[in-house]
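Protein chains get the first letters and strands the later ones, always in sequence-line order, with residue 1 at the start of each. Hydrogens, waters and symmetry mates play no part in the numbers below; they use all other heavy atoms, side chains included.
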Protein chains: 2
Amino acid sequence: MSDKNQKNQYSNPPTMHDVAHVAGVSQMTVSRVMRGTGYVSNDVLKRVQDAARSIGYVHNRLAGGMSKYDNPLIGVVVPSLQNRVFTEVLSGISDTLNNNNLRPVFGVSEYSLEREEEIVFDLLSWRPRGLILAGLEHTDGLRRIIEQTGVKTAEIMDVDGSAIAASFGISQKAAGEQMAKHLLNKGYKKFAYIAWLDERAKKRFDAFKAYIENHGGVISQTRISQKLLSMKEGRELTADILSGSDKPEVIYYANDDLAAGGLMHCIAEGLKVPDDIALAGFNGLSFLEALPVQITTTKTPRYDIGVEAANWISDKNSEQWNNHIHQFDIELIEGGTT
Amino acid sequence: MSDKNQKNQYSNPPTMHDVAHVAGVSQMTVSRVMRGTGYVSNDVLKRVQDAARSIGYVHNRLAGGMSKYDNPLIGVVVPSLQNRVFTEVLSGISDTLNNNNLRPVFGVSEYSLEREEEIVFDLLSWRPRGLILAGLEHTDGLRRIIEQTGVKTAEIMDVDGSAIAASFGISQKAAGEQMAKHLLNKGYKKFAYIAWLDERAKKRFDAFKAYIENHGGVISQTRISQKLLSMKEGRELTADILSGSDKPEVIYYANDDLAAGGLMHCIAEGLKVPDDIALAGFNGLSFLEALPVQITTTKTPRYDIGVEAANWISDKNSEQWNNHIHQFDIELIEGGTT
DNA sequence: AAAATATATGTTTGCGTAAACATATGTCAA
DNA sequence: TTGACATATGTTTACGCAAACATATATTTT
């Protein structure tokens, strides 16, 4: 007699039929209770809930919604979990989906479009109600399968390009131009740039560079790495740039971590920011406020982008919003000593 | 003639039968191709793949694995996505699950055990193969449902306590003691502590405090906040502590962000670290390396914890490892100027 | 008091797949 | 030449649930 795993006489794991039997109702009534739809009397409601609890029944969502792309699941693919920007967007997405009783299923593309396509293909096997992708650049195969399956898809971070259905983000182009304009107005003419190969950073810099060069400025040095950079590399590359004889007046960084690293170099070397050298970052991460010197940066509404995208995906009546572009405002934060 | 027999015009969305018809094979053969199991000739393999692509078929995992808790899905619940520690663990989990062809389904508990239970209940409705939870503290209801369903569960971050099946993390107690010992050896006697109400930080501090007080030291001030703290609050609370007359020799922080905030205060005020005031953090986040002064901290293998937990969950033959505790080594990093 | 409506529950059926089993052909050693 | 085994494919069936529809009982309206 191996009743070791046997919780009771019912099937293991228990099904709605088992619950129905215990509660003395039909399986369909149990289904109604579990989903909270249709008419159920208070008496039956309680009996079913008690029965379910007593035999350890857990609702099985795989069985019912087998055919349609309409499960309370949202596929989410981001390039990386190591980058604060994406985890903040994710946080907004996660919170919002929670409020709408949806679960995110995640994938990380590692900044590879091919990987992204693979992951999306895999995620679609769960017939999710929607999909959230980063950026507007995707493989043809990915676009095709999205069109064929008709999954509702939101693209986040970037709005400079054409969306599959809806995009939520900022104009990278506008951000680059705005920063260029601001720094030129401050009287700076000679710039350096530190970044890594990122699609959105590139869009930003292209706009930045064009504006600078069209208005009498010059970008005298650039350091563009193939691999992901963080604060530490920001410090090193800044040291590298400032060690030469051709010193810039400003260094523009692809993100705040790099810029903060640059600031650390300046502090360690006793350089005054922005008098000896001005620094500009991107994102407006909150930790900047804790630094001894406020770095100039562009504040982006990362959490809100996640919230809005998730809300759009959750909204059953938003199909008509197709080809919708939700461009978020950015704010240039001026540097200075705090 | 019922139109059921006339599946010549393919259903929308397409099914394995549709693919089978196009490829001229049986549905079962398509199933074998999709899952890459059993025997399939190269000729058929290619025909099926082409057929699937041509009609835009996407594998449907909801249909087959309807009954068992054995879907290629892992439920993951973390307290927060705003805390770098968890996103790094998540990163390890995500990478490893990817390698094992498993997908994470996420939930965020917001440091609430009740919320955690709700989320787990919801995640189980997808019949995941496994579950990864943070910490060893859970509600009774959660423990019960895990036992009843028999889902393989890994608990991460902490090993000071008893695990449901397996735990992967560090000994918070040992970390607190190690730091206490180190600082006492350095000759410090008077300590302050800055933290927020976190289960694991509390375990650490309890051990830290006990050791300090049993060895002639004193904790003269503490600042314990109810809400999440970051670098900025670290700076403010440090200013607060140092503004009084009863100045400590060392401040121990619950994490590196707080400690870095403290360092920023010292830099802004021209205080020498560690001569005027010593600072100790926890985690060993990589950004510390970029700071002008290396803060003393405890380095924890966050990514690796995620990797190992995910590996254990992925391993079909790891059931026998029940009641397995995987305690990771920690490393005390001494501060100093870099 | 009959009809209309709201509320509450049950019955039948099919969703798309994979397990279990059945069948067929090819290959190789004795 | 036999049969043992590897390879390749097909058939039947059950999985657990929810949609569609049917029925039954209360409650309200006319």
Of the nucleotides D:dC17, D:dG10, C:dA18, which one has an atom closest to the side chain of A:Met16?
D:dC17

Whole Å only: how far is the NE2 atom of B:His17 from the P atom of C:dG14?
14 Å

Measure the spacing between CD1 of A:Ile156 and CG of A:Leu90 and express it to the nearest 0.5 Å.
7.5 Å

Does C:dA18 have OP1 or OP2 sitting under 4.0 Å from an N or O in the side chain of B:His59?
yes

Between C:dG16, D:dT11, D:dC17, which nucleotide has the shortest distance from any of its atoms to the side chain of B:Asn60?
C:dG16

Comparing A:Arg35 and B:Asn42 on DNA chain D - which has the more 5′ nearest nucleotide
B:Asn42

What is the distance, to the nearest angstrom, from the CZ atom on B:Arg47 to the P atom on D:dA8?
13 Å

Over how many whole Å does the gap from B:Gln27 atom CD to C:dC15 atom P extend?
13 Å

Starting at atom CG of A:Leu45, determine the distance to atom C1' of C:dA8, rounded to an integer number of angstrom.
13 Å

From the candidates D:dT9, C:dT9, D:dG16, the one with an atom nearest any side-chain atom of A:Val40 is C:dT9

Looking at C:dA18, C:dG10, D:dT9, which one has an atom nearest to any side-chain atom of B:Thr29?
D:dT9

If the plane angle is over 60° it's perpendicular, under 30° parallel, otherwise tilted; pick one for A:His326 and A:Phe168.
tilted

Starting at atom CG of A:Asn71, determine the distance to atom C1' of D:dA18, rounded to an integer number of angstrom.
12 Å

Picking from D:dA20, D:dC17, D:dG10, which would you name as closest to the side chain of A:Met28?
D:dA20

A:Arg61 atom CZ is separated from D:dG16 atom P, nearest whole Å, by 17 Å

Has B:Ser54 got a side-chain atom pairing as donor or acceptor with B:Ala51's backbone, closer than 3.5 angstrom?
yes

Any side-chain N or O of B:Ser26 under 4.0 Å from OP1/OP2 of D:dG10?
yes

So, is A:Ser41 close to the C:dT9 phosphate, meaning a side-chain N or O under 4.0 Å from OP1 or OP2?
yes

So, does A:Ser31 get its side chain near the phosphate of D:dC17, meaning an N or O under 4.0 Å from OP1 or OP2?
no

Candidate nucleotides C:dA18, D:dG16, D:dT7, ranked by approach to the side chain of B:Tyr39 - the nearest
D:dT7

Tell me whether B:Lys152 is salt-bridged to B:Asp70, with the criterion being a basic N under 4.0 Å from an acidic carboxylate O.
no

Output the rounded distance in Å from OH (A:Tyr69) to C1' (C:dG16).
12 Å

Salt bridge flag under 4.0 Å for residues B:Arg144 and B:Glu147:
no

Quickly work out the A:Asp70 CG to C:dC15 P distance and round it to whole Å.
17 Å

Which of these nucleotides, C:dT9, C:dA18, D:dA19, is closest to any side-chain atom of A:Arg32?
C:dT9

